[in-house]
Structure formats: C-alpha cells, structure tokens
Amino acid sequence: MNASRLNQLLAALFLASMTQQAFAYTTIKCGGSSTKWSGNNYTVRASSVGFPVGPWRDALSSVISHWNGNPSNLSFGVVWNEPAVAANNNENEAWWEANNGPNIGTYPAVTYVWFKSDCALKEADVIFNNSVAYHYTTSKTSLWPYGGANRPFQTTAMHEFGHAAGLAHTANTYNIMGSDWTHIHANGATATAYSGEDANNGLVAVYGLWAGGPEDLGVVHWKHIGSSGEYSTHGRTRILNTSNIELTKVAGTTEPVYRVNKGQTIKLELTYENLGKTSPLAAKVGYYLSSNDIISVADRFLGEGNVTLYRGVPDTTFNTFLVIPSDLVSGQTYWVGAIIDYNNAYSERSETNNATYIGIRVN
Ligand SMILES: [Zn+2]
C-alpha cells in the first residue's frame with residue numbers, strides 16, 4: 001500500500017469515527033461532573049396564576065409531553081395549580097414574572113437550579129418574563145421565525161426545560177439549547193417546537209439510553225450558521241446551483257423563494273435529524289415538488305436518496321441533486337421538499353416532523 005493510499009484510508013477512518021462520536025451538547029456541571037436528577041424524573045409544578053386551564057397550560061403541557069418522549073431514561077411530568085411558587089423552596093416550579101433578581105429583566109426566561117450536597121439536582125425553577133411578546137400559537141405566520149410579531153413560547157419553554165434536565169448552552173451546532181426560536185419545524189402553516197437531536201443525545205449521555213424508547217427521524221429547513229457567545233445562531237437552508245452557488249432569491253418575500261429555470265439541476269440543502277433511540281439509523285428520503293408549502297407523498301415525486309444518521313449532531317447537507325421539471329408554469333411559485341422515511345419503514349414517535357419545504361419561483 002503506497003503512502004497516498006494509506007493517507008486516504010486513515011482519512012476515511014478518521015471521518016468515520018468523528019461521525020460516530022460527534023456531539024455538541026454541554027451539561028450543567030457540579031463538582032466538575034454533569035449534574036442530574038437522581039430519580040431519573042423531573043416533574044414541575046406550574047403556577048395556578050400563570051398556567052390556568054386554557055391555551056398557555058396546553059402549550060406548557062405539549063412541551064413537557066414532548067420532552068417526556070426523549071430517548072433517554074429521564075422522564076418529565078407536570079402538576080397543575082401550584083398556588084405558592086418561590087425560588088429555593090424544594091419544589092420544581094414554573095411561573096411568569098416581570099422581575100426576578102438581576103437577570104430576568106434582560107432574559108426572556110431563566111432557569112435556576114440548586115444542587116444537593118452530592119451534586120445531584122435538588123430543585124429547578126423556570127421563570128418566563130411576562131413582558132416578552134410570547135404567543136402559544138403554532139400558526140407560523142404569527143411567529144418571529146416566519147415573519148410574525150410573536151416569540152414562540154413553546155421553543156423557549158423547550159430550551160428552559162432542557163436546562164431543568166441538566167443541559168447547558170451549545171454554540172457549535174443547530175440545537176434548542178443554542179437558539180430557541182429558530183429551532184422549529186414547519187411543513188405547511190404549522191410551526192412546532194421540538195427538542196432536537198443534539199439535546200436528545202445529551203440526555204442519553206447523562207441518563208442512559210431508554211431501551212423501550214421511540215424511533216424518530218426529522219427534517220427541517222433550518223441550520224447552524226454561526227454563534228454569539230455561548231449561543232448558536234441559525235438560518236434557513238438554501239437552494240444552490242451545481243457549482244454550489246446559492247441561487248438568487250425573489251425580493252420581498254417573508255420566507256426564501258429561489259428563482260429556478262425549467263430543466264435546471266439544483267441542489268437542495270436541508271437538515272436531517274435522528275432524534276430517537278437507534279444510532280445509526282438508515283432511511284430513505286423522498287424528494288417532491290408541490291403547488292403549496294405542504295410536502296406530502298401525494299406531491300410530484302422528483303427522486304429519492306439515502307441517509308444514515310447517527311444520533312449526535314444534526315446533518316445539514318446540500319448533496320441532493322434535483323431537476324426542476326420542464327412543464328412548470330413560468331412566474332408561478334412552487335415548493336420543493338423532502339420526506340424522510342417516505343416509504344414508512346419505521347414506526348416513529350412523530351410522523352409530522354418528517355417533511356419540510358423551500359419555495360421556488362420558475363423563470
Ligand atoms: Zn438558556
């Protein structure tokens with residue numbers, strides 16, 4: 001074997017092991033080690049004032065129930081109608097407040113944790129700032145990441161309960177603990193908060209793998225684009241030409257819409273996630289063209305690809321070649337997109353996070 005061949009082999013081995021070991025999550029430390037709940041459960045008592053029967057309670061409930069389906073041994077619960085919330089009272093609680101100490105005025109929400117003498121978690125309180133323009137809606141056009149006026153409450157709550165579970169901030173990948181309101185899934189008009197691959201992987205590392213846990217695959221049109229201090233920053237994924245140059249976008253649209261030619265070969269960039277218990281998991285991805293922003297198997301099939309996803313960091317790739325059909329109508333807007341596990345080979349915890357879209361306008 002010559003030196004060049006050996007170098008190639010070493011490079012391949014190195015890449016393979018990097019893929020398997022890749023992670024980015026960070027954890028809250030006590031005495032130099034990751035802290036955790038000794039009973040593998042975090043149950044929060046929600047304020048009767050802030051979370052009465054109604055949409056805010058429903059929103060909080062959806063976040064707790066989402067976290068409870070994570071593939072680690074940590075379970076989550078919630079008790080409603082807590083009448084007397086307070087910091088450091090030996091009860092995990094969640095409430096709204098305009099001012100709480102030096103930080104709450106400048107943070108949209110904050111999680112305080114206390115440790116036992118053995119460094120296990122003792123209490124975690126989540127306090128939302130009620131001067132922030134939160135909304136519980138999942139209608140994307142009302143929410144910041146899709147041009148709306150409101151900060152999505154569920155993404156911020158997802159982030160804070162990640163802290164309550166023992167996770168800290170992460171800057172170097174697309175993740176809920178790095179930037180919450182641009183960590184969201186949309187296909188059609190609904191935008192849904194979720195915990196994400198990196199945070200799920202962090203909980204598995206701290207609490208161990210839940211052997212009876214679910215499989216879950218997902219695809220989103222968001223990705224990591226940089227960082228700001230200890231936080232990641234996220235932006236929309238793109239459409240490129242075959243020279244890997246981003247195509248021109250239509251001016252003045254809320255969401256990206258790329259100008260394409262009939263018959264043009266494009267590269268579709270999306271972020272694929274393995275959120276479940278099995279790592280790696282191989283899946284087929286179907287690519288589609290749609291006349292609306294809901295990608296479904298009923299849409300026009302453009303081809304298929306294969307992904308093998310480790311539960312580590314999300315896999316953002318633009319190595320997907322698609323040909324724009326020549327029979328489309330000039331001047332018309334369409335949407336291209338992907339459905340992971342489009343052949344339904346896996347029974348998943350959620351099938352609603354399996355598809356997403358990017359807009360195109362035909363020249
Ligand atoms: Zn935080």
Side-chain angles (χ1 to χ4, degrees), residues 8-25 66 69-73 173-176 183 185 187 192 194-205 208-224 237-238 240 266-289 295-323 336-358:
Q8 283 173 22
L9 183 63
L10 287 173
L13 286 171
F14 182 68
L15 276 174
S17 77
M18 284 297 287
T19 305
Q20 288 175 49
Q21 294 171 9
F23 65 86
Y25 64 83
H66 180 88
N70 83 87
S72 86
N73 287 314
T173 192
Y174 168 73
N175 80 108
I176 189 71
H183 183 280
H185 176 270
N187 186 37
T192 308
Y194 71 110
S195 56
E197 173 174 335
D198 184 60
N200 282 7
N201 195 42
L203 290 192
V204 169
L209 184 69
W210 173 21
E215 304 295 4
D216 196 20
L217 296 163
V219 60
V220 289
H221 53 213
W222 295 97
K223 66 170 185 170
H224 182 258
T237 60
R238 305 163 298 164
L240 314 171
I266 61 162
K267 298 180 79 174
L268 177 67
E269 183 181 57
L270 293 169
T271 297
Y272 302 87
E273 294 182 84
N274 178 354
L275 306 140
K277 71 171 174 181
T278 305
S279 176
L281 199 61
K284 286 190 184 300
V285 183
Y287 298 97
Y288 293 87
L289 179 104
I295 303 296
S296 77
V297 292
D299 289 322
R300 182 168 176 175
F301 188 69
L302 296 181
E304 70 163 34
N306 295 282
V307 290
T308 299
L309 300 175
Y310 290 83
R311 189 189 55 250
V313 296
D315 187 356
T316 300
T317 179
F318 52 76
N319 198 25
T320 301
F321 294 82
L322 301 176
V323 178
V336 290
I339 305 177
I340 190 167
D341 192 35
Y342 81 99
N343 55 332
N344 229 352
Y346 299 109
S347 169
E348 297 180 51
R349 170 192 178 198
S350 168
E351 300 285 355
T352 60
N353 61 355
N354 283 37
T356 197
Y357 63 85
I358 301 180

Go through N344 and E351 one step at a time and tell me if the side chain to side chain contact (heavy atoms under 4.5 Å, CB included) criterion holds. CA-CA 9 Å; N344 229 352; E351 300 285 355; 3.6 Å; yes
Backbone N/O of [Y] and side chain of [X]: donor-acceptor pair under 3.5 Å:
X: K223; Y: L270; result: no
X: D341; Y: Y346; result: yes
X: E269; Y: F318; result: no
X: T173; Y: N175; result: no
X: T356; Y: V219; result: no

When the ring planes of F301 and Y342 are compared, do they come out parallel, tilted or perpendicular, using 30° and 60° as the limits?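 Geometry flag for Y342 against F301: tilted rings.
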Check: [Y] and [X] side chains under 4.5 Å, non-hydrogen atoms:
X: T271; Y: H221; value: no
X: R349; Y: E215; value: no
X: I340; Y: Y272; value: yes
X: L275; Y: N353; value: yes
X: R311; Y: L209; value: yes

Side-chain donor-acceptor pair under 3.5 Å between [X] and [Y], yes or no?
X: E273; Y: Y194; answer: yes
X: S72; Y: N70; answer: yes
X: H66; Y: S195; answer: yes

For a quick test of reading the model, state the closest non-hydrogen atom pair linking [X] to [Y] and the distance between them.
X: L217; Y: N354; answer: O-OD1, 3.0 Å
X: N274; Y: E197; answer: N-OE1, 2.8 Å
X: K267; Y: F321; answer: CE-CZ, 3.6 Å
X: L268; Y: Y287; answer: CD2-CD2, 3.9 Å
X: S279; Y: Y310; answer: OG-CA, 3.4 Å
X: V323; Y: L302; answer: O-CD2, 4.1 Å

Nearest 0.5 angstrom please: [X] [atom1] to [Y] [atom2], how far?
X: T316; Y: R238; atom1: OG1; atom2: CZ; result: 10.0 Å
X: Y174; Y: H183; atom1: OH; atom2: NE2; result: 4.0 Å
X: D198; Y: I176; atom1: CG; atom2: CD1; result: 11.0 Å

Audit row: L281, L309, side chain to side chain contact (heavy atoms under 4.5 Å, CB included) steps and yes/no: CA-CA 5 Å; L281 199 61; L309 300 175; 5.5 Å; no
